[in-house]
Amino acid sequence: MNLRLKPFDIVFVLIFLIVIFLSFFNLFSKKNEKAAELFVQTPSEKFIYSLSKDGIYKFKGLLGESSIQVESGKAKFIDSPCENKNCIQSGEISTHGQWAACLPNGIFINIEGKSKESGFDAVSN
């Protein structure tokens, strides 16, 4: 039995090995993703805070001052001058893409970047 490799066979094997190598490299390498950050949009300004630093932040809105608490990588409204307090009742946000807003006061918060918790569900990834 005489097995001869043709030039096309060698090229095919090399391409196959490169694809396998790049797949494993991509799977096990750490991606350069930013740590999770809290973005706050007020009627007049934008602010960015790290979710790794706990604190209470106050922002001037259309009706008055809203307070946002960052604790253990989570953010939430803790006080606002709006009537219904829906923003406070909306609870905590902690993963990329989550948001909360106090619409009457004109304050919007959202999270971007990689957080400690995985935001994957059955649909995403």
Peer 1: If you round to the nearest 0.5 Å, how far is CD of E37 from OG of S52?
Peer 2: 9.0 Å
Peer 1: Take I111 and L51 through the side chain to side chain contact (heavy atoms under 4.5 Å, CB included) test and state the conclusion after the steps.
Peer 2: CA-CA 9 Å; I111 295 179; L51 282 179; 3.6 Å; yes
Peer 1: Kindly give the heavy-atom pair with the smallest separation between S67 and I56, and that separation in Å.
Peer 2: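 Reported closest heavy-atom pair: CB-CG2, 4.4 Å.
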Peer 1: Which distance, rounded to the nearest 0.5 Å, do you find between the SG of C102 and the CG of D79?
Peer 2: 9.5 Å
Peer 1: Taking everything shown except F47 itself, do over 12 heavy atoms lie less than 6.0 Å from its CZ?
Peer 2: yes
Peer 1: Checking S66 now: which residues fulfil side chain to side chain donor-acceptor pair (under 3.5 Å) with it, not counting sequence neighbours?
Peer 2: S80, N105
Peer 1: Considering non-hydrogen atoms only, spot the tightest contact between D54 and S72 and give its length.
Peer 2: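 For D54 and S72, the tightest heavy-atom pair comes out as OD1-N, 3.0 Å.
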Peer 1: For the atom pair CG (L103) and CG (L62), what is the distance rounded to the nearest 0.5 Å?
Peer 2: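 If I round to the nearest 0.5 Å, the distance is 10.5 Å.
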Peer 1: Supply the atom-to-atom distance Q98 CD to K74 NZ, rounded to the nearest 0.5 angstrom.
Peer 2: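 Going from CD on Q98 over to NZ on K74, the span is 9.5 Å.
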Peer 1: Answer whether the closest heavy-atom distance between the side chains of E65 and K58 falls below 4.5 Å.
Peer 2: yes
Peer 1: Is it the case that one hydrophobic cluster holds both I10 and I18, taking links as side-chain heavy atoms less than 4.5 Å apart, direct or via other members?
Peer 2: no
Peer 1: Taking all atoms of both residues into account, what is the closest heavy-atom pair of C87 and S90, and its distance?
Peer 2: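 So the two residues come closest at O-OG, 2.7 Å.
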Peer 1: Show, in sequence, the C-alpha distance, side-chain angles and deciding distance for N110 and I93, and conclude whether the side chain to side chain contact (heavy atoms under 4.5 Å, CB included) test is met.
Peer 2: CA-CA 8 Å; N110 71 306; I93 60 173; 5.5 Å; no
Peer 1: Any chance you could lay out the side chain to side chain contact (heavy atoms under 4.5 Å, CB included) test for D9 and V11, step after step, and finish with the verdict?
Peer 2: CA-CA 5 Å; D9 295 334; V11 170; over 6 Å; no
Peer 1: To the nearest 0.5 Å, how far apart are CD in Q69 and CD1 in I78?
Peer 2: 5.0 Å
Peer 1: Using the rule that two of Ile, Leu, Val, Met, Phe, Trp, Tyr join whenever any of their side-chain heavy atoms come within less than 4.5 Å, decide whether I20 and F12 are in one cluster.
Peer 2: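 They do not share one cluster, since no chain of ILVMFWY contacts under 4.5 Å joins I20 to F12.
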Peer 1: Considering non-hydrogen atoms only, spot the tightest contact between G91 and K76 and give its length.
Peer 2: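 Looking at all heavy atoms of both residues, the shortest contact is O-CB, 3.7 Å.
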Peer 1: With side chains defined as the heavy atoms from C-beta onward, is the minimum distance between Y49 and V40 less than 4.5 Å?
Peer 2: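 When only atoms from C-beta onward are counted, V40 and Y49 do touch, with a gap below 4.5 Å.
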Peer 1: Measure across F39 and I48 and return the closest heavy-atom pair with its distance rounded to 0.1 Å.
Peer 2: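 Smallest heavy-atom distance, with atoms named: CE2-CD1, 3.4 Å.
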Peer 1: Of all heavy-atom pairs between L63 and C82, which one has the smallest distance, and what is that distance?
Peer 2: CD1-CA, 4.0 Å
Peer 1: Can you get from I107 to I88 by hopping between Ile, Leu, Val, Met, Phe, Trp and Tyr side chains that sit under 4.5 Å apart?
Peer 2: yes
Peer 1: Tell me if the CD atom of Q89 is crowded by more than 12 foreign heavy atoms within 6.0 Å.
Peer 2: yes
Peer 1: So, T42 versus E45: side-chain donor-acceptor pair below 3.5 Å or not?
Peer 2: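 The criterion, which ignores hydrogens and geometry beyond distance, is not satisfied for E45 and T42.
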Peer 1: Per the side chain to side chain contact (heavy atoms under 4.5 Å, CB included) rule, which among F59, F77, Y57 passes with I109?
Peer 2: F77
Peer 1: Is F108 linked to I68 within one hydrophobic cluster, defined over Ile, Leu, Val, Met, Phe, Trp and Tyr using a side-chain heavy-atom separation of less than 4.5 Å?
Peer 2: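 Unlinked, F108 and I68 end up in two clusters.
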